[in-house]
Every structure is written in structure tokens, then in C-alpha cells.
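All residue numbers in this chain count up from 1 along the given sequence. What you see is a predicted model; the values in this text were computed from it and never measured.
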Amino acid sequence: MGDHFQTIVDLDATAADAEPLARRVLAGLVEEGIVLADWTDCVLGRPLGHPPGPNWSRSVAGKVTRDPCDGLAVHVGRKVFHGCPGGLEAAVCPRCSTTTRLVDDEWAMINEAWAPFVDAIGTWHATGAARVRCPACARRVPLRDWAWTDDYFAFAHLGFEFWNWPELTAEFRSRVARLLDGHRTTFVRGKI
């Protein structure tokens with residue numbers, strides 16, 4: 001079965017405003033009863049997170065057949081958010097809309113296509129800024145501006161990662177975006 005995650009990532013939060021925005025969103029989710037303010041061992045990959053609150057079902061789609069068995073991890077600070085497994089099929093240049101395939105028909109990585117992105121991801125993680133030259137239009141495009149198949153990557157300073165919850169609704173994700181001053185968000189999902 002495995003564990004799955006759903007992450008609402010704020011694409012516009014700066015390093016400076018990530019912490020106050022995280023506090024605001026968490027306070028809103030606690031007030032609504034989506035999560036509890038308590039810190040417990042309820043998330044993967046982090047020592048502590050926020051367990052589901054009494055009204056957690058207001059955040060999920062459809063008829064609920066099970067309670068979430070884990071909680072919310074709030075990520076503040078520069079982070080490469082990514083889905084898994086698979087999904088990393090292609091990147092789309094925001095300047096010319098050309099799609100760069102990163103895997104072949106058998107899902108093996110195309111090293112020469114993937115290499116500039118690997119270098120840029122490492123640079124962005126270390127410095128917060130990186131560019132990738134588009135193989136079609138030759139423009140050097142900020143890494144954060146590229147689009148990814150199935151929103152596989154997001155490069156940001158703030159994310160809200162729900163572990164093993166039923167599917168979050170688009171309406172709930174919009175409520176979180178409103179708490180983020182209407183910032184652009186993306187939704188990264190995966191299973192490990």
C-alpha cells in the first residue's frame with residue numbers, strides 16, 4: 001500500500017515571509033478544526049507534525065471511508081518539493097512552450113536532456129536561484145518558471161504536506177491560497 005502525501009506549495013512566498021505565512025495558515029487550519037495545534041509524531045520524514053483535527057473531513061473530497069492516519073508537516077525554508085514515484089516525464093519552457101522530454105518510451109532517463117535540470121536543481125537548492133537554457137529557444141529561464149508533467153516539481157520556501165489523508169478538495173486548496181494572500185500555489189502529490 002505505501003504512504004502517500006499531498007502538498008500545497010506556495011510559489012510566491014519569499015524566504016522572509018514564509019514563516020509568518022506558515023503561522024497564519026496553521027492558525028486558520030487549527031481554528032477551522034482541520035488540524036490540531038499539538039505537535040505529535042504523525043508525519044513521515046520529520047520529527048513532529050500536526051495531527052488531524054475534529055473537522056478534518058471539511059478538507060477532503062467525496063464520501064469519507066477512513067480517517068487520516070497521519071498529519072500535516074509544515075515546511076518553511078528553501079525546499080525542492082517533488083512527487084514520486086514516476087511522473088517526471090517532461091519539462092515545458094514557459095517562454096516558448098516547447099516540451100523537453102526527460103524520459104524515453106521505456107521510462108529511462110534521457111541523460112543529456114535531464115543533466116541541465118539536475119545541475120540547476122542543485123544550484124537552486126544551494127542558492128535559491130538557478131536558470132536552465134531551453135534547448136528549443138536557447139533562452140536561460142529561471143528554474144522555478146518551468147512547468148513539469150503532473151506538477152512533479154515545485155521550488156519554494158513554503159509547503160503544507162498532508163500525509164495519508166483522503167484526497168484534498170480544490171475548494172480546500174483555494175481556502176489555503178486565500179490565507180496565503182492569494183499567492184499562486186501548486187499541488188504536488190506522491191506515494192512512497
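- Hydrophobic clustering of Ile, Leu, Val, Met, Phe, Trp and Tyr side chains at less than 4.5 Å, counting indirect connections, unites Leu143 with Val118.
- Contacts of Trp39 classified as ring-ring contact (aromatic ring centres under 6.0 Å, His included), with partners at least two apart in sequence or in another chain: His50.
- Tracing side-chain contacts under 4.5 Å through hydrophobic residues (I, L, V, M, F, W, Y), one reaches Trp107 starting from Leu102; they form part of the same cluster.
- Here the closest non-hydrogen pair linking Leu21 and Ala13 is CD1-CB, 4.0 Å.
- Considering all non-hydrogen atoms of both residues, Ala129 and Thr123 come closest at O-CG2, 3.4 Å.
- Of the candidates His157, Arg184, His183, Asp10 forms a side chain to side chain donor-acceptor pair (under 3.5 Å) with just one, namely His183.
- Judged purely by atom type and a 3.5 angstrom limit, Arg101 uses its side chain to pair as donor or acceptor with the backbone of Val103.
- Atoms SG and CZ, from Cys84 and Arg189 in turn, are 13.0 Å apart once rounded to the nearest 0.5 Å.
- Contact between Ile34 and Asn55 at its shortest, heavy atoms only, is CD1-O, 3.3 Å.
- Under the 4.5 Å side-chain criterion, counting only non-hydrogen atoms from C-beta, Phe153 is in contact with Leu88.
- With hydrogens and angles ignored, the 3.5 Å screen pairs a side-chain donor or acceptor of Gln6 with a backbone N or O of Pro166.
- Taken to the nearest 0.5 Å, the CZ atom of Phe160 stands 10.5 Å off from the OG1 atom of Thr185.
- Residues Cys134 and Cys96 share a closest heavy-atom pair of SG-SG, 3.7 Å.
- Summarising the geometry, atom CH2 belonging to Trp163 is positioned 6.0 Å from atom CG belonging to Asp3; distances are rounded to the nearest 0.5 Å.
- Rounded to the nearest 0.5 Å, atoms CG (Leu29) and CG (Leu179) are 6.5 Å apart.
- Legend: residues meeting side-chain contact (heavy atoms from CB on, under 4.5 Å) with Pro116, ordered by chain and number and at least two apart, are Val132.
- Ring to ring, Phe117 and Trp148 are close: their centroids are under 6.0 angstrom apart.
- One distance of note links CD1 of Ile121 with CH2 of Trp114; it measures 4.0 Å at 0.5 Å rounding.
- At most 12 heavy atoms of other shown residues, nucleotides or ligands fall within 6.0 angstrom of atom NE2 in His82.
- Between Ala90 and Thr99, the closest heavy-atom pair is CB-CG2, 3.5 Å.
- Sorted pairs that involve residues 125-141 and meet side-chain hydrogen bond (donor to acceptor under 3.5 Å, both in side chains), not counting sequence neighbours, are lacking altogether.
- Taking the side chain as every heavy atom from C-beta outward, Cys93 and Thr100 never approach each other to under 4.5 Å.
- Residues Phe162 and Phe172 meet the side-chain proximity criterion, which asks for heavy atoms closer than 4.5 Å.
- Counting heavy atoms from C-beta on, the side chains of Pro94 and Val141 come closer than 4.5 Å.
- Follow the hydrophobic side-chain contacts under 4.5 Å out from Leu44 and you reach Phe5 in the same cluster.
- Taking a 6.0 Å sphere around CZ of Arg173, one finds it holds more than 12 heavy atoms contributed by other residues, nucleotides or ligands.
- Within the 4.5 Å cutoff, no side-chain heavy atoms of Leu36 are placed close to those of Val30.
- Between Trp56 and Pro51 there is no side-chain heavy-atom pair separated by less than 4.5 Å.
- Residues Ala22 and Val76 approach most closely at CB-CG2, 3.6 Å, considering heavy atoms.
- Under 4.0 Å is where a charged nitrogen must lie from a carboxylate oxygen, and between Arg175 and Glu32 at least one such pair does.
- Inter-residue side-chain proximity for Asp145 and Arg95 is flagged as met; some heavy-atom pair is nearer than 4.5 Å.
- To the nearest 0.5 Å, atom CG of residue Leu180 and atom CG of residue Leu158 are 6.0 Å apart.
- The hydrophobic clustering, which links ILVMFWY residues whose side-chain heavy atoms are closer than 4.5 Å, places Ile110 and Trp146 apart.
- Residues Thr7 and Phe187 are not in side-chain contact: their nearest non-hydrogen atoms beyond the backbone lie 4.5 Å or more apart.
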Checking side-chain contact (heavy atoms from CB on, under 4.5 Å) for the pair Trp124/Arg78: CA distance, chi angles, key distance, verdict?
CA-CA 9 Å; Trp124 187 88; Arg78 188 179 315 128; 3.2 Å; yes

